[in-house]
Amino acid sequence: AYMELQQPERAIPMLQASEKDLPDDYNPPSRLAVAYMAMKKPDEALAASNRALPKVSGPRRVQVLQRRSDIFAAKGDAAAAREALEQALACAEALRLGGAEIFAWDDSEAAVDAAKNANLLVSNLHDVDFAGLDSLVLSPGVPLTHPEPHWTVVKAKAAGIEIIGDTEVFQREVAGTGARIVAITGTNGKSTTTALIGHIFQSLGRDVDVGGNIGTAVFLMRPPVEGRIYVLELSSFQIDLMPGLKPDVGILTNLTPDHLDRHGSMDNYAAIKARMFLKQDANDTAVIGVDDDWCAGIAIGIANGQKL
């Protein structure tokens, strides 16, 4: 909560006090590294990261390695930053599941070089015929509509292929496995709400992973199995790339003007957030804060029989 309020100086002593008492799964040193980086203290962040690294494996190790890359870069150690990024990319590649043929690209030359050095398959999408592709999986940070569509979006639309995000791919993998999704969005409070719900499930001994737009990216979570619960924070950018979004529980905290440079208007922004509930049915639950007119209007429009 203090981190969301941009008060890392208040979060740090709490994390320091909890480091010796909480289990490795919570990993306070990793969170300390994030707090120290927010205070522009890369030396302290590196020390915390050094303590965090032995405690984690698999997806969480990837997350720590990725943060270490940022820490080394902040310290001005380009070589160490590159090495940390390469380690993260290599670990991410080892975790990749499925048999899809992948054409990966980034507009950043440094990111492309790092991916190549990590032995990831890289293809210049400028030269790829999109008509031969099934999907464009777009980073949520890349403009889909405003201020103007990214050039890959233009190519995908011309070829008639779907444009989706990693969270949509993840949701498709979850479908039919018996795992469930609790999705949280909103302008403010979504990170705190996500973390709190995850903490409650963990305290109850449930099999739960927390991530999405907070902490662990969905591709770095454990694979779906029956009974596992994914508590996901979803940004408007991610929802915009999830045509099949259908959470078992969808939560909308509130709406105030935000990211209008990417969505064009408040009407568009609210409509994207409302997609959280568009495909729910009587087996699902919608939770909506109605303290603002935008959310109240979305709640009134709920019409698919889901519990409200």
Side-chain angles (χ1 to χ4, degrees), residues 1-8 10-12 14-15 18 22 24-38 45 48-49 52 56 58-71 88 92 139-141 165-171 174 179-203 206-222 224 228-242 245 247-256 258-259 262 272-273 275-276 287 289:
Y2 281 133
M3 289 299 292
E4 184 172 326
L5 290 170
Q6 298 182 355
Q7 296 178 13
R10 301 184 72 178
I12 286 172
M14 298 179 68
L15 289 167
S18 65
L22 291 174
D24 288 349
D25 282 350
Y26 187 78
N27 203 354
S30 177
R31 295 166 187 255
L32 264 172
V34 175
Y36 279 126
M37 284 296 287
S49 178
V56 290
R60 287 178 176 163
R61 187 174 181 84
V62 177
Q63 184 182 19
V64 173
L65 288 169
Q66 288 171 330
R67 287 174 178 165
R68 286 171 69 83
S69 175
D70 295 334
I71 292 170
S139 166
D166 61 341
T167 45
E168 172 70 13
V169 178
F170 179 78
Q171 178 183 250
V174 171
R180 288 177 288 178
I181 293 176
V182 177
I184 300 96
T185 195
T187 304
N188 299 301
K190 56 185 178 292
S191 294
T192 303
T193 304
T194 302
L196 179 59
I197 292 172
H199 174 70
I200 291 171
F201 278 129
Q202 290 170 346
S203 298
R206 304 298 293 271
D207 183 3
V208 61
D209 277 5
V210 179
N213 195 50
I214 177 178
T216 306
V218 289
F219 273 141
L220 303 181
M221 289 179 159
R222 295 175 297 163
R228 182 161 292 160
I229 301 169
Y230 296 101
V231 182
L232 305 180
E233 176 187 321
L234 295 179
S235 70
S236 57
F237 302 155
Q238 290 170 315
I239 294 174
D240 213 7
L241 294 167
M242 296 184 72
L245 177 58
D248 297 277
V249 179
I251 301 172
L252 174 60
T253 57
N254 52 61
L255 282 177
T256 57
D258 197 21
H259 302 306
R262 282 287 302 272
I272 290 167
K273 294 289 194 181
R275 291 183 200 169
M276 175 75 79
V287 181

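- Here the closest non-hydrogen pair linking G186 and T253 is CA-OG1, 3.3 Å.
- Across I272 and I239, no two heavy atoms sit closer than the pair O-CG2, 3.2 Å.
- Each side chain to side chain donor-acceptor pair (under 3.5 Å) pair with one or both residues in residues 189-198, not counting sequence neighbours, appears once here: E4-T192, S191-E233.
- Not counting sequence neighbours, F201 has no partner by the ring pair (Phe, Tyr, Trp, His ring centres under 6.0 Å) test.
- Checked for salt-bridge contact, R222 and D207 meet the test: a charged N lies under 4.0 Å from a carboxylate O.
- Among residues two or more places apart in sequence or in another chain, the ring pair (Phe, Tyr, Trp, His ring centres under 6.0 Å) test is passed with Y36 by none.
- Closest approach of A179 and Y230 over heavy atoms only: CB-CE1, 3.8 Å.
- Counting only heavy atoms from C-beta outward, the side chains of V231 and I184 approach each other to under 4.5 Å.
- With contacts defined as side-chain heavy-atom distances shorter than 4.5 Å, the pair V174/I181 qualifies.
- Heavy atoms from other residues, nucleotides or ligands lying under 6.0 Å from CZ of R180 number 12 at most.
- Note that CG of D258 and CG of N188 are 7.5 Å apart. Values are rounded to the nearest 0.5 Å.
- Contact of the M276 side chain with the L252 side chain is not registered, since no non-hydrogen atoms from C-beta on lie closer than 4.5 Å.
- Remark: R262 CZ to F237 CZ distance equals 4.0 Å, nearest 0.5 Å.
- Residue A48 comes nearest to A33 through the heavy atom pair CB-N, 3.8 Å, listed as atom of the first residue, atom of the second, then distance.
- Minimum heavy-atom separation, Q238 to G212: NE2-C, 4.0 Å.
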Step by step, work out the side chain to side chain contact (heavy atoms under 4.5 Å, CB included) result for L15 and R31.
CA-CA 7 Å; L15 289 167; R31 295 166 187 255; 3.9 Å; yes

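- A donor-acceptor pair is defined here as one N or O able to donate and one able to accept, closer than 3.5 Å; no such pair exists between the side chain of E168 and the backbone of G165.
- Between L234 and K273, the shortest heavy-atom contact is O-NZ, 4.3 Å.
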One pair to check against side chain to side chain contact (heavy atoms under 4.5 Å, CB included): R275 and D240. What are the steps and the verdict?
CA-CA 8 Å; R275 291 183 200 169; D240 213 7; 2.9 Å; yes

